[in-house]
Amino acid sequence: QVQLVESGGGLVQAGDSLRLSCAASGRTFSSAVMGWFRQAPGEEREFVAAITRTGGNSYYADSVKGRFTISRDNAKNTMYLQMNNLKPEDTAVYYCAARPALTIATTHTRYDYWGQGTQVTVSS
């Protein structure tokens, strides 16, 4: 079992940066692939980024590649999403998710545990 709590969201202007954190409780964090997803009003939940259990590999949606960086600190049971050069289209609720598996997945149904989400709003 993994409990996830996101933090770090807020209201920023286009071009600004934010760092989201996802704190995990439970003993299985280091054995889980972790991911970030986002959902804008009226839209489907979409994949943003994911990272393997050791942090050795990561994968990004094309829309955020080169602007966002996912990382994790297994000693602190925490995952991060550094978001640079934010755009209004990045506005959404951002969720962290855990997948007790070996491989990265980009479909939200493949993740078993979810946080409550944190709002990111980017004004133009």
Side-chain angles (χ1 to χ4, degrees):
Q1 191 80 4
V2 179
Q3 288 81 44
L4 305 173
V5 178
E6 303 95 337
S7 62
L11 171 62
V12 297
Q13 294 186 329
D16 285 351
S17 298
L18 277 176
R19 189 175 82 155
L20 305 184
S21 298
C22 173
S25 61
R27 293 180 292 177
T28 58
F29 178 77
S30 61
S31 64
V33 167
M34 298 296 297
W36 287 100
F37 289 78
R38 66 187 182 186
Q39 189 167 19
E43 302 288 333
E44 296 284 324
R45 189 166 297 191
E46 68 169 348
F47 171 77
V48 174
I51 190 166
T52 53
R53 298 186 299 179
T54 63
N57 285 293
S58 56
Y59 187 77
Y60 298 90
D62 287 343
S63 59
V64 307
K65 201 172 296 183
R67 300 188 297 122
F68 291 11
T69 303
I70 189 172
S71 61
R72 66 189 295 166
D73 185 338
N74 286 348
K76 295 182 179 180
N77 277 11
T78 303
M79 175 179 66
Y80 306 97
L81 186 68
Q82 178 67 42
M83 306 186 294
N84 297 330
N85 190 22
L86 282 160
K87 303 177 180 180
E89 52 263 43
D90 294 319
T91 295
V93 177
Y94 282 70
Y95 298 90
C96 69
R99 166 177 158 79
L102 290 173
T103 58
I104 283 175
T106 61
T107 306
H108 66 86
T109 55
R110 304 286 295 276
Y111 287 78
D112 298 300
Y113 304 103
W114 291 86
Q116 83 290 347
T118 186
Q119 176 72 46
V120 172
T121 303
V122 185
S123 64
S124 58

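Computed over heavy atoms, backbone and side chain alike; hydrogens, waters and symmetry mates excluded.
- In the hydrophobic cluster analysis, where Ile, Leu, Val, Met, Phe, Trp and Tyr join through side-chain heavy atoms closer than 4.5 angstrom, V33 is grouped together with Y95.
- A donor-acceptor pair is defined here as one N or O able to donate and one able to accept, closer than 3.5 Å; such a pair exists between the side chain of E6 and the backbone of Q116.
- Relative orientation of the F68 and Y94 rings is tilted, given thresholds of 30° and 60° on the angle between their planes.
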Given S25 and Q3, is the side-chain hydrogen bond (donor to acceptor under 3.5 Å, both in side chains) satisfied, shown in steps? CA-CA 5 Å; S25 61; Q3 288 81 44; 2.9 Å; yes

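- Between S124 and A14, the closest heavy-atom pair is CA-CB, 4.4 Å.
- A donor-acceptor pair is defined here as one N or O able to donate and one able to accept, closer than 3.5 Å; no such pair exists between the side chain of Y111 and the backbone of C96.
- Counting heavy atoms from C-beta outward, L18 and D16 have side chains that stay 4.5 Å or more apart.
- Note that R72 lies in the cation-pi zone of F29, set by a 6.0 Å cut-off to the ring centre and a 45° limit from the axis.
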Go through it in stages, so that I can follow the logic: the residues are I70 and M79, the test is side-chain contact (heavy atoms from CB on, under 4.5 Å), and I'd like the CA-CA distance, side-chain angles, deciding distance and then a yes or no. CA-CA 7 Å; I70 189 172; M79 175 179 66; 3.9 Å; yes

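- For the pair A98 and L4, the tightest heavy-atom approach, listed with the atom from each and the gap, is N-CD1, 3.8 Å.
- Using a 4.0 Å cut-off between charged side-chain N and carboxylate O, D90 and K87 make no salt bridge.
- When every heavy atom of R99 is checked against every heavy atom of T103, the shortest pair comes out as NE-O, 2.8 Å.
- Both M34 and V2 sit in one connected hydrophobic cluster of ILVMFWY residues. Membership requires side-chain heavy atoms under 4.5 Å apart, directly or through other members.
- The minimum heavy-atom distance between R38 and A92, with the atom names listed, is CB-CB, 3.8 Å.
- The minimum heavy-atom distance linking A105 with R110 is given by the pair CB-CB, 3.7 Å.
- Criterion: ILVMFWY side-chain heavy atoms under 4.5 Å apart, direct or through other members. Under it, I104 and L81 are not part of a common hydrophobic cluster.
- Closest of all the heavy-atom pairs between N84 and S17 is OD1-OG, 2.9 Å.
- Here OG of S30 is found 11.5 Å from CG of D73. Values are rounded to the nearest 0.5 Å.
- Within the 3.5 Å criterion, the main-chain N or O of S7 finds no donor-acceptor partner in the side chain of T118.
- A side-chain donor-acceptor contact under 3.5 Å links T52 to the backbone of N57.
- A side-chain contact (heavy atoms from CB on, under 4.5 Å) with Y80 is found for one member of M83, Q82, K76 and no other, namely K76.
- Cluster membership check: F47 shares its hydrophobic cluster with V93, using side-chain heavy-atom separations under 4.5 Å among Ile, Leu, Val, Met, Phe, Trp and Tyr.
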Passes side-chain contact (heavy atoms from CB on, under 4.5 Å), Q13 versus L86? Steps please. CA-CA 8 Å; Q13 294 186 329; L86 282 160; over 6 Å; no

Show your working on side-chain hydrogen bond (donor to acceptor under 3.5 Å, both in side chains) between R67 and S63 and close with a plain yes or no. CA-CA 9 Å; R67 300 188 297 122; S63 59; 5.6 Å; no

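- A continuous path of Ile, Leu, Val, Met, Phe, Trp and Tyr side chains, each step under 4.5 Å between heavy atoms, connects V12 with V48, placing both in one hydrophobic cluster.
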